[in-house]
Amino acid sequence: MDRLAVSLKVYLIYSLDVAKFSRKRLLGATVPLLAAGPLARVAFAETEHSATHEGHDHRHAPEGHAAMIGNEAPSIARDPAIDALLVPPPALPHEPGRLREYELVARDVELEVAHGVHYAAWTYNGTAPGPVIRATEDDLLRVHFRNEGAHPHTIHFHGIHPANMDGVFEIVPPGGAFTYEFPAKPWGMQLYHCHSTPLKKHIHKGLYGAFIIDPPKPRKPAQELVMVLNAFDTDGDGENNFYAVNGPAFYYARYPIRVSRSQTVRIYLVNITEFDLINSFHLHGDFFRYYRTGRDEVVEYTDNVVLGQGERGIIEIDFANTGRFMFHAHQSEFAELGWMGFFDVVE
Ligand code: CU
Ligand code: CU
């Protein structure tokens, strides 16, 4: 039998034994990947290995594991629009009343969410997550929103603002526009997302992004990154098939993030994953300070944080060593379906 035939046989055997292999895992590891090229090979290799192990044949399928790193990671090609999401706009000094303007346009876009896997997304400005919005506390934030999508949308910001700026009642129809305007507060790590109903659909289709409000007293200089934890349900069954940071699965496994050991790495982190109750961020080889909601009232020193949907915070890492260090969801299933990457720490 050729490789695909063997894999399909394994899949069928497992289909009959649901107790050993959850429905979600089956769907996640096989069905959406049948058309996914190299990624299908990875998942099949793993399935095959599990099956032969079960049958006391301890053959190894090494590509099932080695394929997750560097050139072998089943990521999309390098994309400047995705790279732009990793680095926030610079912080500005505290100047109450200063105008900060952004333009967000809702568009229906087909996104490549893993190598060869396409998804009919709803986006702000063509990516899921949308652009990073940043303001300093007491800036007057003005966001011009236009809906060029096929469904009614809004922007709901987390933070403190008037009721008529909350993105819940002022639904913007296709072809419509709305301007959100309010003083940015409180300082910390926030997020924004669409609040049209059904809410879970408008979120999991891709309408969300990071929203940073800088404190009046500037944070110390750092290498600043943004990580929005998200996922995609590519077969429409209400469960995720791919997990990611800032959009495409395996992106930072294929293209590690280069940072310097001599300066703090600051990550603005938010979890917007739909369907799954929790997500997490785990760092290898070091510990970090975690500021819940980007505030300084509670600081934790750890290598793993767990976040429900809408939870967010700031991570600060002072790397002790140079070298390649992995970061990933500590739900290992999420990591294997795309939510993993590497830091290249240099002097
Ligand atoms: Cu929407
Ligand atoms: Cu929310």
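Both counts, for ligands and for their atoms, begin at 1 and track the order of listing.
Residues Val109 and Trp122 form no side-chain contact, since every pair of their non-hydrogen atoms from C-beta on lies 4.5 Å or further apart.
Ring geometry, His204 versus Tyr119: the interplanar angle falls from 30° to 60°, so the pair is classed tilted.
The N, O or S atom of His153 lying closest to the Cu ion (ligand 1) is ND1.
The Cu ion (ligand 1) has no N, O or S atom of His195 closer than 2.8 Å. Residue His202 counts as close to the Cu ion (ligand 1), with an N, O or S atom under 2.8 Å. For the Cu ion (ligand 2), the set of nearby N, O or S atoms under 2.8 Å includes none belonging to His156.
Asn230 and Thr273 share no donor-acceptor pair across their side chains, judged by distance under 3.5 Å alone.
The pair Asp138-Lys185 fails the salt-bridge criterion, with no side-chain N (NZ, NE, NH1 or NH2) lying under 4.0 Å from an Asp/Glu carboxylate O.
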